[in-house]
Structure formats: structure tokens, C-alpha cells
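In what follows, every heavy atom counts, from backbone to side chain, and hydrogens, waters and symmetry copies are set aside. Per chain, numbering begins at 1; letters A, B, ... match sequence-line order.
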Protein chains: 2
Amino acid sequence: MVTIADVARHAGVSISTVSYVLSGKRSISADTERKVRDSIHDLGYQPNAGARALASSKSNVLALVVPLRSDMNLPVLMQFATGVVTAARAHEHDVLLLTQDEGVAGLRRVAGTALTDAIIVMDVEQRDPRIDVLRRLHQPSVLIGVPEEPSGLACVDLDFAAAGGECVDHLCDLGHRSLGFIGAPTPVYERGTSFARRTLAGFQSAAERRGVAAASVACDPSYAGVRDALAELRAKTPDLTGVIVHNEDALAPLLDIVQAEGSAIPDDLSIVAICPDQHAQNLPVPVSAVTIPTEEIARNAVEMVMHALDSGMDAEVRLLSPELHIRASSGPAPVSAPREANAASPDTDQARP
Amino acid sequence: MVTIADVARHAGVSISTVSYVLSGKRSISADTERKVRDSIHDLGYQPNAGARALASSKSNVLALVVPLRSDMNLPVLMQFATGVVTAARAHEHDVLLLTQDEGVAGLRRVAGTALTDAIIVMDVEQRDPRIDVLRRLHQPSVLIGVPEEPSGLACVDLDFAAAGGECVDHLCDLGHRSLGFIGAPTPVYERGTSFARRTLAGFQSAAERRGVAAASVACDPSYAGVRDALAELRAKTPDLTGVIVHNEDALAPLLDIVQAEGSAIPDDLSIVAICPDQHAQNLPVPVSAVTIPTEEIARNAVEMVMHALDSGMDAEVRLLSPELHIRASSGPAPVSAPREANAASPDTDQARP
DNA sequence: TTGAAAGCGCTAACAG
DNA sequence: CTGTTAGCGCTTTCAA
């Protein structure tokens, strides 16, 4: 193994000079710097991470806590994770993977042993048992998501309430007067998952503000689940003309079901989603959607962590503004309510073009 | 921060005694051990990871390289990752996340700086540029997947060739004489992804051995993609009665499409999949499937790494035997070819019950 | 602009 | 069975 002493000897300088060339923490003559860099290159020197961590009290590693529940949306999760890794690498940091099942003990372990410098937690719930621990930890942390009581914590997320509102406004502006909301599976709400509840709340208050009829349902991401959800919405608001979907997995089945029953999108039914842009684009009908800017959220999380690391933590809650991309799935409300009989007699009408 | 010296002082013993209590590397009197453990507990001592790594030349961290391509199957990926973390934790190790886009440089970096003790690589391709680097690295590594030339490397995977064969045998035993194979998206084969090719080869040679008609298609995981794939298979083998699916995302659409055209599963068409068991179970029709034992593969990978770490690396290729779980989607072949006209006139027959 | 040297907290000989 | 101590490779004063 090549050590810093080998480099120093090879370059004919002291150990500290090599160290300072690497860290840039004091000025070095151009000549010395060149000699040192050449030696580093010639010898293939790579500084030892453990020694560095011990001497500097910085591991240059971030912990990332990912949920492993299967009802979470995997693609979104994956995008967050790779976004965090990429952003961390841009700041010379690596990422240690913690699964949620180690729970609070995992947080205490990595912080207590100084394995990591800071912690990023995904999929935060409204009343999350981990946030108390995080507050007490002598290590900065950033949550992706916003708990009920975020005081003293740094959080980033999409402004899901505004996102829900923006979808409502878009549909209302198109003349829709009766809206439905297809949400995540029931357990997600029962757990109090922050983003799911905030979106729903945003939908409801915007609908109220605009004075339109509105109903919402949780939705299992299976065909049957989506069929049931749509039927339930129609039962609650018989002249439904616009649906907002905050459930990626429900989107493809929904389009298929609507098409199979002979309804046209957006002529009979407008659909707006809240999901990653790429997913909305690649459906059979390109779907109008509020983007979930996973990569941007991840980058923000890492930047907040980096800031906390060298300027002290501040308990900012950063909510990114939603951006609606209008595509083919949303259009003007039909002139007359298109399917008054539908909720009552689902089996008529099948032969429609 | 509490150090080992604090613990030693508090317990009235030497530093090394504390260290040996922790490592178990020499015998300690029951009395001393109790005193030390009490002090550790009272002071809340946690050993410093950097100091440990420096002194012992072991970081107790494994690198895990995950692919970030979106055409990879996310649930499977996630299961591997959590499986590796869980298994690693059971061996007192943590997991550092590397994304594939850092490529070979990431491997060199973590090994060169001694950030990690060993490397686990997922999604290995047949001729993977990383394997040469891994061979040269002074750090053990295990591949999940098998490259074309695995000599000198440790690999674990499901025996995908045998899995393909087992599906063929199952269908042939049920009297099917004309089989189709719906595979991964085209790019997966073009990249030379190891498991995809091995499965296909296993399918083909088994079909030949059993003397049955066989055709295969790559398949995009969209509705249209699956529709096309099925049509292509039927064009190639007009009296198709059994389909083997090695493409998780195609499964749900396939069931839906087959049902929509009025065919019964398994009466008209038998379906067998190669995918994680949980996924096969939760479809509208429970699907007969060869399990992809992600958790077991992950555990094996970690165990091989651990073995390499304390007994030296051996270049074993460990292929796990496939296990077929028979469910409702596969049954005896229909007595007469059920839909001779189908490939030619897809629009007839729609009114069938 | 550079060098010498004192730790950082722990492991593992070595000595008893 | 236990204690003393020399490093591990680096960062960062302190001194020049």
C-alpha cells in the first residue's frame, strides 16, 4: 500500500505538504504542487479512508435510510436513491445504505460510531418515531418528506398540497365541476405517510375553494382495485368528468379500464396525475401531470446536508413548487354530463363506439 | 465522545482488556468482562469506526454496485439490495451504495482508499468491462450473475438455464407441444445481460430435447408490447398452447389481454413465469412460476464475501437450483388446437363468453 | 511557502 | 488472565 509518506519521500517534500496539496488548505508553490501531483500519479496513491476519518473526524459518508415496504413506489424510491448518490458524489461523499428495519438503532449506530457524517431519511411519516432520535443525534440530518411537527428538523419535499391544488385548478379552468381523486393504497394513509395526506388535503381544500363537487378514494394498485376505485368515485359524484391520480401504479390500469368501457380521454373523462414526468409521458395516452422532481429533491437534500456540515444545521422546511405539464389526457369538460346512468347501471352502454 | 480509554478507566482495567472484551479474541475472566460491559453500557460507549478501520485494516463495509437502468426490474433489484443489507448486517457489516455510472472508477476508489472490504456487483453482463478490474483488485468480490468468462471470479445466481428448462418440462409433461417464450425487452439481450440469455438458452435447448415447437420474442413491458409479443408468438407457432414469461412487467398485461380476447387460462392457454414468488401469487390468476430467490441469492453473495474475507477468495460459481411452484395458470394442453384462426383474424371470436 | 511532530481512537503484538 | 505500548495513515497545529 502506498502511503502519504511514500509520496512525500518520492516528491522530496514533507508529509504535511502532500496533505495540503490534497486538501488545498494552504497555499503551495506551483513547483511543489506539480512535483507532489506527479508523485501521487506515479505511485498511484490513494489516501486511506479510515486514517482520514480518524484524523479529521469526517468520514465523508452519508447515511441514506430507504423504506423497504412494498407498497411504496419503487421507481420513485430508486430515483431518489440514485439522485442522492449522484449528488453526494458531486460533493466527495459516499452513501451508506440503511434499511428501515434496523430502525432507530441503525441511526444511533452509524452516528455513534462516526461511520457517517450526516443522515438522509426517506419516506417520513407524520408522526415518525425516528424524528425524535434524529433531533437528539449529534449529527445533522435531512428528511425527505415533512412530519407533523418539523420544528428543529431540516426537510425537503415537493409541495404536495400545492400540487393537489394545481391539479384541481387546471381541471376547474377547463370547466370541470365534479372531480375525483384516486389516491395511494389504504395502508399508506393509515401509516400517516406525509406526502399522501398532504396531497389529499390540497385537493380537498382547492375543490372547496373552487366550489366544485369532489370525492376521493384510496386505491389498491391492481386492476380490480382501480375498477373499484373508479366505480366508487362515480357513485359518490355521478357526473364525474375529471380524475386526479396520485398513485403511479393505478395509472396504466385506469387508462385501460376507461378505454375498455368505451369512454374517450379527455373527451368524456379528463385525467391528471401526480407522478414522475417520465412515467406520465410513457403511457398509452400521455398524461397531464405534476412532476415529482425526484432528482431535484435528492439534490436539495444533499445540499442541505452539506450546508449543515460546514455551517451548522438550520431547520429549514424546503417545499419545491409543483410544475404541471399539460398533455393529452386533460381537456375541456364535456358539455353535458356524459354518463348519468352509469353509476346506477354499469352494464348498459357497453356497445358504445 | 466516549473513547475506549474512558471505558477502561471507568472499569478499572487496561485499554486492551476492553478491546479484547469487544472482539472476543482472548479469554477474559467473567468478573472483568462484567465490569467492562457495565462500563460500556453506563457510558454509552460506541467504538469509533475510523479508528477501528485504521488499526485493523478492516472497514466492515461492503460495496454494493446497483444498476440504475430503468429497464431493469426494480422490485427484484430492491429485493436484492435489501437482502444484501440484511445479510451484511447479520455479519456486522454495512453496505455502501455505488451506482453503475461511476463505473470502474468507483470500484477502484472504494478499494483503493480501503473504504470497503469487499465488493458485490449486481446485474453482471456477459462481457462486463468491470470484471477485469475486479480480478485485479486487491479486494474480494462476488458477482450476482455469471459472465461469459467467470474464471477467477466468485459468482452466485439462480440457474436460469435450468429454470427455463424446468418450465418447458412442466408444460410438456402437461401435454403441450407448442410453446412460446416472452422475454425481457430487446436492449436487455443486446447488452448481453447474463441471466436473460441463459434463460432463453435453457428454454430453447429443453424444447429441442423434448421435441416440441418453440418460438421466442423479446417484449417491451407495455400493453402494446405484450400484445405484439403474443401476436408474434402465435404467428410463429400457430397452435400455441403454453407461454413462458421471463418478464415480470409483462405478466399482468398478458393475463388481461388473454382474458379480454375471451381465452381461458389455463384451459386455452397455459402460462408459466420466471419471477419472484410474491409477484406470481398476487396476479388476478395465480401464476405457476419458477421463483427468483432474491433473498437467498443475496445471502449467498454475502456469505461468499465473508468467506473470502477470512479464508481467502475462491472462484466458485454457485448456481441455485430452480424451484417451480405450480399454480392455477398452467394445466393440461387443450385436446384440439383451440384457436387455429386466431393469428389470421384477430377480430373474430370477441363475443365468446 | 514549508517542515516537524503531536495526536485522532483503536488493534494486536509483546511482556508478564 | 491482564497490562504496556507501538503503530495504523492521516490532519493540523506550531514553528520557522
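A heavy-atom distance below 4.0 Å to DNA chain C is reached by these residues of residues 18-27 of chain A, ordered by number: A:Arg26, A:Ser27. Near-neighbour residues of DNA chain C inside residues 1-16 of chain B, defined by a heavy atom below 4.0 Å, number-ordered: B:Met1, B:Thr3, B:Ile4, B:Ile15, B:Ser16.
Heavy atoms of B:Thr32 sit under 4.0 angstrom from primed sugar atoms or phosphate atoms, though from no base atom.
The shortest side-chain heavy-atom distance between B:Leu62 and B:His91 does not fall under the 4.5 Å cut-off.
Tested against B:Glu125, the residues B:Arg198, B:Arg191, B:Arg130 include a single salt bridge (Lys or Arg N to Asp or Glu O under 4.0 Å) partner, B:Arg191. Each of A:Cys155, A:Pro147, A:Pro150 was checked for a side-chain contact (heavy atoms from CB on, under 4.5 Å) with A:Val124, and the lone residue meeting it is A:Pro147.
Residue A:Arg127 places its CZ atom among 12 or fewer non-hydrogen atoms of other residues, nucleotides or ligands, all under 6.0 Å distant.
Rounded to the nearest 0.5 Å, atoms CG (A:Asp94) and CG (B:Leu96) are 4.5 Å apart.
Axis orientation changes by 30° from one end of the helix from C:dT1-D:dA16 to C:dG16-D:dC1 to the other, with each end axis drawn from 5 pairs and the value rounded to 10°.
Following rounding to the nearest Å, B:Leu54 (CG) and D:dA6 (P) show an atom-to-atom distance of 17 Å. Going from atom CD of B:Glu33 over to atom P of D:dT2 covers 10 Å, rounded to whole Å. A:Asn48 has its CG atom 16 Å from the P atom of C:dC10, to the nearest Å. For A:Ile40 and D:dG9, the CD1 to C1' distance is 14 Å, given to the nearest whole Å.
A:Asp132 and A:Arg135 are joined by a salt bridge, as a carboxylate oxygen and a charged side-chain nitrogen come within less than 4.0 angstrom of each other. Look at B:Arg34 and B:Asp31 and you find a salt bridge, because one of the NZ, NE, NH1 or NH2 atoms lies within 4.0 Å of a carboxylate O, short of that distance.
Here the side chain of B:Ser194 pairs a donor or acceptor atom with the backbone of B:Val146 at under 3.5 angstrom. The main-chain N or O of B:Asn60 is never found under 3.5 Å from a side-chain atom of B:Glu92 such that the two would form a donor-acceptor pair.
A residue-by-residue look at B:Ser29 and B:Ser56 shows that B:Ser29 has its nearest nucleotide of DNA chain D further toward the 5' end.
Close to C:dG3, at under 4.0 Å from its OP1 or OP2, lies a side-chain N or O of A:Thr17. In this structure, A:Ser57 does not reach the C:dC8 phosphate: none of its side-chain N or O atoms is under 4.0 Å from OP1 or OP2. Contact annotation: B:Arg52 does not reach the phosphate of C:dG9 (side-chain N/O to OP1 or OP2, under 4.0 Å).
Side-chain contact check for B:Asp101 and B:Thr99: at least one donor-acceptor pair (N or O, by modelled atom type) lies under 3.5 Å.
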List the steps, then state whether salt bridge (charged side-chain N to carboxylate O under 4.0 Å, His left out) holds for A:Asp6 with A:Arg9.
CA-CA 5 Å; A:Asp6 298 325; A:Arg9 202 173 310 116; 3.2 Å; yes

